[in-house]
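Read the structure below first, then the notes.
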Amino acid sequence: MSRANRPIGVFDSGIGGLTVVHTLRRLLPGESIIYLGDTARLPYGTKSHRTIERYTLQMGQILQRFEPKLIVVACNTASAHGLLALQAASSCPVVGVIEPGAEAAALVKGPVGVIGTLATVSSASYDEALRRRDPDKVIFSVACPLLVPLAEEGWFDDPITDAISRRYLNQLPFEAKTIVLGCTHYPTLLPSLERTRPGTRWIDSGEVTAQSVDRLLQGSLGYRTESARGPLRILLTDASSRLREVGERFLGEELGNVELVEP
Ligand code: DGL
């Protein structure tokens, strides 16, 4: 099979990366996508660098079996801790969500807030990526560990999510009018987040990553040449019945057949 017709491999610690797949399928409907969610070992956000790096490499190995033309690490936590190792170990290009998110945030004037998992925020990866582009950028970061379980529970638009979001977002000074959603689960919580902090410009790291994938395909990787809508295969390391229902809300379409793989 020619390289352009090979699938794009997308990986996340769970089903959060399906928000990135949703955008990829909107922007690049002809592409074939293999999604891999490490649902058996979620969350990554509370784990150490070593463990997240090891899990990321294992997930990359599983995706390599499908000979992808590109791997998208659709998880901020894995991008912060495992991207470099995976890039070194992979035979295809690998992109994460932090560089595109930082790129978009650096273009905006004024201080920037970053919300993410504990592991993402403590890695300071966004700070580093933003300061590389703008050394004077004022950045405020807050770890929001309870938001991932709320999203996985499907409490997207709920008074309890409002209260927890308020508690986290109130830690960011009001001059931070732009906030990076530094976790691929968070776009699903936007109804609550917007209510909590109206007038904020939200940067969805997954959305801007999908745009950068489009640019890569436009370049040397190439678009899939078949005209039909591209197939989507979903592989998970564990699948509960609840997951299907919530996963469809993340993806915005039916999940179809879910295949189980060993991590
Ligand atoms: N979706 C992951 C991210 O973007 C977070 C979920 C987790 O903690 O595993 O950071």
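In listed order, ligands and their atoms are each counted from 1.
- With hydrophobic clusters built from ILVMFWY side chains whose heavy atoms lie under 4.5 angstrom apart, Leu130 does not share a cluster with Ile179.
- The pair Arg133-Glu99 counts as a salt bridge, with a side-chain nitrogen and a carboxylate oxygen less than 4.0 angstrom apart.
- Inclusion of Thr117 in the set of residues having an N or O under 3.5 Å from an N or O of ligand 1 is not warranted.
- Backbone and side-chain nitrogen or oxygen atoms of Gly45 are examined, and one is located within less than 3.5 angstrom of a nitrogen or oxygen of ligand 1.
- Remark: minimum distance from atom 10 (O) of ligand 1 to any protein heavy atom is reached at Thr77 OG1, 2.6 Å.
- Dense packing is recorded around CD of Glu175, with more than 12 heavy atoms of other residues, nucleotides or ligands lying under 6.0 Å away.
- Among protein heavy atoms, the minimum distance from atom 2 (C) of ligand 1 is reached at Cys75 SG, 3.4 Å.
- Heavy atoms from both the backbone and the side chain of Asn76 come within less than 4.0 Å of ligand 1.
- Looking only at protein heavy atoms, the nearest one to atom 5 (C) of ligand 1 is Cys183 SG, 3.5 Å.
- Under the 4.0 Å criterion applied to side-chain N and carboxylate O atoms, Arg249 and Glu245 are not assigned as salt-bridge partners.
- Contact check on Glu103 versus Arg215 returns no salt bridge, with no Lys/Arg side-chain nitrogen under 4.0 Å from an Asp/Glu carboxylate oxygen.
- Of all the atoms in ligand 1, the ones that sit under 4.0 Å from a non-hydrogen atom of Leu42 are 9 (O).
- Listed by atom number, the atoms of ligand 1 under 4.0 Å from Asp12 heavy atoms are 1 (N), 2 (C).
- Near Tyr44, with a cut-off below 4.0 Å to any heavy atom, the atoms of ligand 1 are 7 (C), 8 (O), 9 (O).
- Side chains of Ser192 and Asp162: a donor-acceptor N/O pair is present below 3.5 angstrom, by distance only.
- Ring planes of Phe156 and Phe250: perpendicular class, angle over 60° (limits at 30 and 60°).
- Scanning all heavy atoms of the two residues, the minimum distance from Pro93 to Leu221 falls at CG-CD2, 4.0 Å.
- At the top of the distance list for atom 6 (C) of ligand 1, counting protein heavy atoms only, stands Ser13 OG, 3.3 Å.
- Contacts between Thr46 and ligand 1 below 4.0 angstrom, taking non-hydrogen atoms only, are absent altogether.
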